[in-house]
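In what follows, a single structure is set out as C-alpha cells and then discussed.
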Amino acid sequence: MIEFARNVRLWFAPQEIGKEGGTPDYRFSLANERTFLAWLRTALALIGGGFAVDQFLPHLRWAWRAGLALALLAAGVLCALRAVNHWVRCERAMRRGEDLPVSRFPALLSVAVAIVALAMVVVVLAGWAG
C-alpha cells in the first residue's frame with residue numbers, strides 16, 4: 001500500500017522520478033509514453049461506449065441500460081487510473097535497471113469487457129425493451 005501511495009504522489013510530480021537511478025534510453029521512455037497514451041485511448045473508448053449505451057438505447061429497460069453503461073464507464077475510469085500508475089511503475093523500473101512490472105489488469109479488463117459484450121448480445125437477441 002505504501003508503494004501505491006508513493007506512485008500516486010509521483011503521478012503529479014514526474015520530476016521526482018528523474019532522481020531515481022540513471023536515465024534510460026529515450027526510446028524506451030517514449031515507448032512507455034506511447035503505451036500510456038494507448039491505455040488512455042482505450043479508457044476514452046470505454047467511457048464513450050458507456051455514454052453511447054445510455055443515450056442510444058432508450059428503449060432498453062432502465063436496469064439493463066444503466067448496468068451496461070455503468071460497467072463500461074467504470075472500466076474506463078479504472079483503465080485511465082491504471083494507465084498513469086503503470087507509466088510511473090515502468091519509468092521507475094527502467095531508471096533502476098529492474099524488470100518491467102507485470103499486471104493482471106489487462107486480463108481483468110478483457111474479461112470485464114467480454115462480460116459486458118455478452119450481456120449486450122443477450123439484450124439484443126432477446127429484444128428486451130423498456
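A pairwise comparison of heavy atoms in Arg27 and Arg34 identifies O-NH2, 4.5 Å as the closest pair. Contact record, Arg89 with Val102: NH2-O, 3.6 Å, taken as the closest heavy-atom pair. When every heavy atom of Gly76 is checked against every heavy atom of Ile47, the shortest pair comes out as CA-CG1, 3.9 Å. In terms of heavy atoms, Ala69 sits closest to Gly50 at CB-O, 3.3 Å.
No continuous path of ILVMFWY side-chain contacts below 4.5 Å connects Leu40 to Leu46, so the two sit in separate hydrophobic clusters. Under a hydrophobic-cluster definition in which Ile, Leu, Val, Met, Phe, Trp and Tyr are linked whenever side-chain heavy atoms come within less than 4.5 Å, directly or via other members, Phe4 and Val77 are assigned to the same cluster. Leu108 and Ile115 fall into different hydrophobic clusters, where Ile, Leu, Val, Met, Phe, Trp and Tyr are joined by side-chain heavy atoms under 4.5 Å apart, directly or via other members. If you chain together hydrophobic residues whose side chains sit under 4.5 Å apart, Leu72 and Leu81 never meet in one group.
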Original post:
Where do Glu3 and Arg6 land on the salt bridge (Lys or Arg N to Asp or Glu O under 4.0 Å) test, with the steps shown first?
Top reply: CA-CA 5 Å; Glu3 183 70 19; Arg6 175 169 163 70; 5.2 Å; no

**OP:** For Glu20 and Arg95, run salt bridge (Lys or Arg N to Asp or Glu O under 4.0 Å): C-alpha distance rounded to whole Å, both residues' side-chain angles, the deciding distance at 0.1 Å, then the answer.
**Re:** CA-CA 6 Å; Glu20 293 189 35; Arg95 290 184 156 279; over 6 Å; no

Subject >> Verdict with supporting geometry, Asn7 and Arg92, side-chain contact (heavy atoms from CB on, under 4.5 Å) >> reply: CA-CA 10 Å; Asn7 284 344; Arg92 290 180 72 204; 3.0 Å; yes

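In this structure, the side chains of Val123 and Leu60 come closer than 4.5 Å at one or more pairs of heavy atoms. Side-chain contact between Phe12 and Val84 is absent, with no heavy-atom pair separated by less than 4.5 Å. Contact of the Met94 side chain with the Asp25 side chain is not registered, since no non-hydrogen atoms from C-beta on lie closer than 4.5 Å. Here the side chains of Trp64 and Leu57 are not in contact, with every heavy-atom distance at 4.5 Å or above. The shortest side-chain heavy-atom distance between Val122 and Leu118 does not fall under the 4.5 Å cut-off. Considering only heavy atoms from C-beta on, Val88 comes within 4.5 Å of Ile17 through its side chain.
For the side chain to side chain contact (heavy atoms under 4.5 Å, CB included) criterion with Cys90, the lone passing option out of Ser29, Pro24, Pro101 is Pro101. Screening Val116, Leu70, Leu68 for a side chain to side chain contact (heavy atoms under 4.5 Å, CB included) involving Val53 leaves a single residue, Leu68.
Screening residues 42-57 for side chain to side chain donor-acceptor pair (under 3.5 Å) gives Asp54-Arg65 as the qualifying pairs, with residues at least two apart or on separate chains.
Ring geometry for Trp87 against Phe36 counts as tilted: the plane angle lies between 30° and 60°, on a 0 to 90° scale.
One finds the NE2 atom of His86 at 7.0 Å from the OG atom of Ser103 (value rounded to the nearest 0.5 Å).
Here Phe105 pairs with Trp39 under the ring-ring contact (aromatic ring centres under 6.0 Å, His included) rule; sequence neighbours left out.
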